[in-house]
J.: 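Handing you this structure, nothing more for now.
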Amino acid sequence: MNELLFWFTVLGFGLNTVTIVMIVVLGFTQKSSLGIQRSHAQITFLEKFILNFVPAAGACVTILDIIFLWKGEHNRQFVGYHKWFYSCSELMVWTNIILFSKCSSNCYIVCNYVLCYWWILKPIFWIFHLLTKFPFLEIPVRVMESSIFLFNIAFGITINVIRVKRLSSKNSLLEDPLLSNDMDLEEGCHHDVEKAGNFWDLMTFKFINCVLNHGVVKQLDSEDLLQLPPDMDPSSCHDIIITCWQEQLSNNASNASLLRAVCHAYGWPYLRLGLLKVVNDCIGFAGPLLLNRLIRFLQQGSENLDGYLLAISLGLTSIIKSFLDTQYTFHLSKLKLKLRSSIMTLIYQKCLGVNLVERSKFSNGEIQTFMSVDADRTVNMCNSFHDVWSLPLQIGVALYLLYTQVKFAFVSGLAITILLIPVNKWISKLIASATEKMMKQKDERIRRTGELLTYIRTLKMHGWELLFSGWLMETRSSEVKHLATRKYLDAWCVFFWATTPTLFSLFTFGLFALMGHQLDAAMVFTCLALFNTLISPLNSFPWVINGLIDAIISSRRLSRFLSSPENKSKMEETNSCPSPLLSKQLNSSQGLAVLVQDACCTWSSSDEEASNLVLNHVNLSLSRGSFVAVIGEVGSGKSSLIYSILGEMRIAHGSIHSDGSVAYVPQVPWILSGTIRDNILFGKNYDPKRYADTVQACALDVDISLMVGGDMAYIGEKGLNLSGGQRTRLALARALYHGSDVIMLDDVLSAVDAQVARWILQNAILGPLTQGRTRLLCTHNTQAISSADMVVIMEKGHVKWVGSPNDVPVSSYKTFSPSNELDSDVPNQGQSCSTSSSSKLKELPDRDINHDLDGVEEIIEVELRKEGKVELGVYKNYAMFTGWFITVVICLSAILMQASRNGNDLWLSFWVDTTESRQTGYSVSFYLAVLCLFCIINSFLTLVRAFSFAFGGLQAAIKVHNRMLGQLINAPVQFFDQTPGGRILNRFSSDLYTIDDSLPFIMNILLANFVGLLGIAVVLSYVQVFFLLLLLPFWYIYSRLQFFYRSTSRELRRLDSVSRSPIYTSFTETLDGSSTIRAFKSEDFFFTKFIEHVTLYQKTSYTEIAASLWLSLRLQLLAAFIISFIALMAVIGAHDSLPINFGTPGLVGLALSYAAPIVSLLGSFLTSFTETEKEMVSVERVLEYMDTPQEELDGCIVLNPDWPNQGVIEFHNVTLKYMPSLPPALCNLSFTISGGTQIGIIGRTGAGKSSVLNALFHLTPICTGSILMDGININNIPVRELRAHLAVVPQSPFLFEGSLRDNLDPFRMHDDLKIWNALEKCHVKQEVEAAGGLSILIKESGMSFSVGQRQLLCLARALLKSSKVLCLDECTANVDTQTASLLQSTICSECKGMTVITIAHRISTVLNMDNILILDHGNLAEQGNPQVLLRDESSMFSSFAKASSM
């Protein structure tokens, strides 16, 4: 009977424990306060009273029961431990109900249907319990037991009645908190959760519940994210770091360190976190010590209370460590986010501030790497720095505890560790060297990729995309070579550190046994627990060292960039001119807007010697309100004069001053991604009248009226959906709208036709909007020159002459004939159209200007992000990239490695048991030999796994890059028009870096965790059969938790990637237009926009971190329960009176030592699993670009090498559309060009001139019709062959970084003499000789040459090609008329017998041609011989020629 009573009591304790777990799980996953208030509103006063009274009364009665037990113990009556545990657990049940009901919803906690059903079953058990023990109880105890029984029944009835009344609530134990469809939770996410939430919410990360609930039922967007705490706002973070960085610059300008600035900014909070880490690490060692005491208790077979206390203490230690661990990680992650936003904003601000000459020390690719890679690496220093001291501390404490167990036998294991230290140090140095070399190659690769993406249209026209991709592949090969070195060295690190614990145990136990000591369970399994504690710090240490090295290298790179001298917003001044005199001159009565005194300027940075002076001893003063025309031949220094006034060049001597605000329109206009209105306003407030006047003055009214969406139509990256003339007029409108004191215009009239040029000159440059403004115009246009107040003639960097236009020397004036006469409509038509539409636009209210917004065609596609889990196909693709054979080898080696390790531990357990029972028939050497065999097998399999992972990761990295590049190279031009370059570059930088480095690393950890958990589950199930009872419920809870979390984490990761792209797109765009931004003093506006992008990115990351820690805490609490369960079962099983034996001391010790790492391993497994899934998003994003549409490259015709030999071109009813929804760019166009003739194509801006070349080069497939060349339909010709047989000079000149010779002859098909002849014919030979010959290095985009010189070099390149068909797309737009006429004579003489198609802006360009085509809105308006048409007064061409005042 006593035994039956004992079992009923133990069973009651078990049931109470399950009840407690249910209530705690429900309490942790309660609903938000809004749901709570609603639940409370549905409970009546009576129900509320019963729900509060019954648990309180039950708790009071249970306390009385415990007092009676204590009284019996005091009176020396025997009270079994099972009775104490049962009564205490009953009290805990009532206490938990009271506590969780107070801090959450009564109704929610107690009316959950699982709990309701459970409370129906409990009284059934109580009936049997009372019937068994009632006859043996005293009267007072009977009353108390009956009261507890009645309270349980009353509570069960109450909660079931309330539940029946609330049948509409359909929540389950996990589905209620995890899968709620309650959308009212949204409001809970939009406040500062850390201030609004209570302490318990912050400790348990309950504030993230609203986001998690949304993540399960819908696709998350930015509104669902948590709000950032005020101290994490990027603006405040930036203020902190900029203050510290400026202190660094002022104290140590020559050797300023970003690392020191970061320490000053965030050092103290970081050190305070270190104290929390010390406490956390120390508590981690309580586990092995308690384990030792517990095993010794089990060996002694004692039946006192100590065993239960030790078992519960083991669980409580794990729980405390869980809370400390997650809080440390949370606060460290917040600090990392602050540091990340600080560094990103610091880099961006530097890009806004540093001028072009100083920035030339760094390539664009290098600067983009600073933002994408170096910033992250520097931030990761936060992890590494604390770990550098924490890991040795953990190792040291573990070694000391080992000494207390095995005395000096641990020295043998320590010797192995110490011997590996110099080896690892040597490997770390090699890794650092390989990383530095890899990063250099990475910078170069990203620069080349950026160059390829920027000029992809031109490259395709030349047929050079394969050549460029080949160069890019060479750079990638060099990068992969260093990456491979690093990966294989990492593999050796992994091998040494992973095998250390196994070698440690072999040598330690081996020496201990050989010294004559006996192995016992407590010592062996305490040591095993300590070895497990050592695994994490030992394995992490090499990665920590590598991370620290990477961070130091990256911070040095960033320091070098951030130390670059900035462009001063105030006036530049040198010692050569005293300031009092200058201020007197600037403020004198006549008033000077710009004063240049003896200025010598160069493009050499401050670190280099001032050589190749671009401006030489220039003296110039511009009066306020004057209109100044700067003229001169190509390369004379016109643009450089503007750059020097803007402060973009280095002043080697003299001084340059400007007074007042500045507006600037560069020769190649810089257009923002955004609406037309955004581009014009450029951060200024919207003034409808001024806006309408500006649009009219710049002749944009007609263009805007034709666009879907009007001025709210979206402009793609770099104005891709605008013509060259439209881009120039848009940039001009921006300058006019700003109303600056000084307006600098660099050759703005060359990109537009004559009528538009005249309109712009009269209404914009000389119009009412610029009255009283100082205007500086670099031009070749005679009308502009004659209208100027002052003319400045530049020659080879000198100011040759300054004076009135009436006094301009005849020789100089002849150089400039009327420029840019539009080859299109008659002037009267164009002017009336422009005027009428402008006045109409002026009358329109604000709401009408952005008309028809619903119909706006998105030129730039919104970046897509997938929904749901990462598909299995993504994993399959990655395995395929890795190689199936390698994948199988990796998996097999990992499983066998774990099996050998488990075998090693089981053999130790067997050795201990046989030694203690003294039944051993084997010698110590036999046991050691088997242990040694396990160790060798384990080491070999570890080596195989490490190197196969390194090899597989490299294979995947190589294949992913090559395939993605191959797909992009073959993508049509429209894909690049619709996809921002920053978005594609993000794939090649951040996503590819993840695939190269992070993904293999995290997958390796995932595999190790998985096989580790599998090994532990198998061993625990073998050792303790009761563990199998826990497996199923815990696997269910575990799977539900991870499903709930993963649904949100995937969405957050995708949101993270999508929110990162605008940062890089904005950054790339700013790099291109930084000089324009600085000229307009719009740095603050752009910095604010960048801060908005970073804020969204921060919010995503912050929410992501909180969600992962929410999961981590709950997993660790589950693991703590497993430890407590196994420990309690071991203690209960130690009673010899029980019918079931729970195993030998050796197996029990093994089970307990295996249970300890479950805490970290369970959390680590799911963390690594979700991290792998997050990292796989990078593979998913890359795979999207592997499915890009491809050009139709194949053709059915094989061409002869000399094709086309005649050059006859026929267009038959050709219609071309850039997008299905847009109007046709070419409309049923038909014409024939005879072989060997020279044809001019003219027409108003946007008439379809460039579209003819797009169709001819097959850049955009035609919708209908056909194009024949020498009788062959070009649709049947392989595209690359077609383009390779044609020569072209594009509208925007293209020079890539490399030698000039490679630029002119990339395939090296011509000798130097032929190249020099081509340069001489293009009148650019002298400039090339002066610059240093063919071997000179062209900087990015050919910045060392003027735009005009670049166009001449492109023409020389086309002449070298010796093609039968030559296409010139406005190639003389940016050169003076004299040079243009020389070029025309060169083309006439050198291109005899060639078919030359010229898209022209000047009448003089086409007068001597054989034929001209006049296009109007994609239609052929007129064609014929220009001389014949000129004589025909009724022709459009004749009308236009008269209007252009030739």
J.: Does Lys1249 pair with Asp1369 as a salt bridge, N-O distance under 4.0 Å?
T.: no
J.: Using a 3.5 Å distance criterion without hydrogens, assess whether the side chain of Asp1270 forms a donor-acceptor pair with backbone atoms of Asn1205.
T.: yes
J.: Is the shortest heavy-atom distance from the side chain of Met1269 to the side chain of Leu1256 under 4.5 Å?
T.: yes
J.: Checking Gln1206 against Thr1395 for the side chain to side chain contact (heavy atoms under 4.5 Å, CB included) test, could you report, in this order, the C-alpha distance in whole Å, the side-chain angles of both residues, the deciding distance, and whether it holds?
T.: CA-CA 8 Å; Gln1206 295 175 2; Thr1395 302; over 6 Å; no
J.: Considering all heavy atoms of both residues, which atom of Phe1257 and which atom of Cys1367 are nearest to each other, and what is their separation?
T.: CE1-SG, 3.7 Å
J.: Can any side-chain N or O of Thr1260 pair as donor or acceptor with the backbone N or O of Asn1254 at less than 3.5 Å?
T.: no
J.: Check whether Tyr1185 forms a cation-pi arrangement with Arg987 (NZ or CZ under 6.0 Å from the six-membered ring centre, at most 45° off the ring normal).
T.: yes
J.: Check whether Ser1230 reaches the backbone of Asn1213 with its side chain - one donor and one acceptor, N or O, closer than 3.5 Å.
T.: yes
J.: In this structure, which one of Val1406, Leu1253, Leu1413 forms a side chain to side chain contact (heavy atoms under 4.5 Å, CB included) with Ile1241?
T.: Leu1413
J.: For Asp1432, does the CG atom sit with more than 12 other heavy atoms under 6.0 Å from it, leaving out its own atoms?
T.: yes
J.: With a 4.5 Å heavy-atom cut-off, do Leu745 and Leu732 have their side chains touching?
T.: yes
J.: Just by modelled atom types, is the Ser1438 backbone N or O under 3.5 Å from a matching donor or acceptor in the Ser1435 side chain?
T.: yes
J.: Check whether any side-chain N or O of Asp747 sits under 3.5 Å from a backbone N or O of Gln667 as a donor-acceptor pair, and report yes or no.
T.: no
J.: Keeping Arg677 on the side-chain end and Asp711 on the backbone end, is there a donor-acceptor pair under 3.5 Å?
T.: no
J.: Determine yes or no for a side-chain-to-main-chain donor-acceptor pair under 3.5 angstrom, with Glu1422 supplying the side chain and Phe1437 the backbone.
T.: yes
J.: So which atom in Asn679 and which in Gly674 form the shortest heavy-atom distance, rounded to 0.1 Å?
T.: ND2-O, 4.1 Å
J.: Which atoms form the tightest heavy-atom contact between Ala1358 and Ala1287, and what is the distance?
T.: O-CB, 3.9 Å
J.: Compare every heavy atom of Ser1266 with every heavy atom of Val1214, then report the nearest pair and how far apart it is.
T.: CG2-O, 3.5 Å
J.: Kindly determine whether Arg1280 and Asn970 satisfy side-chain hydrogen bond (donor to acceptor under 3.5 Å, both in side chains), including the steps that lead there.
T.: CA-CA 10 Å; Arg1280 288 205 176 101; Asn970 295 329; 2.4 Å; yes
J.: I'd like to know if the side chain of Asp678 pairs up with that of Thr675 as donor and acceptor (distance under 3.5 Å, no hydrogens or angles considered).
T.: yes
J.: Taking the six-membered ring for Trp, is the centroid-to-centroid distance between Tyr455 and Phe976 below 6.0 Å?
T.: no
J.: For a 4.5 angstrom cut-off between non-hydrogen side-chain atoms, does Phe975 reach Ile984?
T.: yes
J.: Please enumerate all residues that pass ring pair (Phe, Tyr, Trp, His ring centres under 6.0 Å) together with His462, with sequence neighbours excluded.
T.: Trp464
J.: Using atom types as modelled and distance alone, determine if a side-chain donor or acceptor of Arg734 lies under 3.5 Å from a backbone N or O of Val665.
T.: no
J.: Verify, without hydrogens or angle tests, whether Lys1217 (side chain) and Cys1263 (backbone) share a donor-acceptor contact under 3.5 angstrom.
T.: no
J.: I'd like to check Val1208 versus Ile1233 (side-chain heavy atoms, cut-off strictly below 4.5 Å). Are they in contact?
T.: no
J.: Are side-chain heavy atoms of Gln726 and Ile715 found at a separation under 4.5 Å?
T.: no
J.: Is a side-chain N or O of Asp1416 found less than 3.5 angstrom from the main chain of Asn1419, in a donor-acceptor match?
T.: no
J.: Sorted by first residue and then second, give each ring pair (Phe, Tyr, Trp, His ring centres under 6.0 Å) pair with at least one member in residues 1216-1236; sequence neighbours left out.
T.: Phe1211-Phe1231
J.: Would you call Gln967 and Gln1190 a side-chain contact if the rule is heavy atoms closer than 4.5 Å?
T.: yes
J.: Between Arg983 and Glu1069, is there a side-chain N and carboxylate O pair less than 4.0 Å apart?
T.: no
J.: Between Phe1296 and Leu459, is any pair of side-chain heavy atoms under 4.5 Å apart?
T.: no
J.: Do the side chains of Ser1234 and Thr1237 get nearer than 4.5 Å, heavy atoms only?
T.: yes
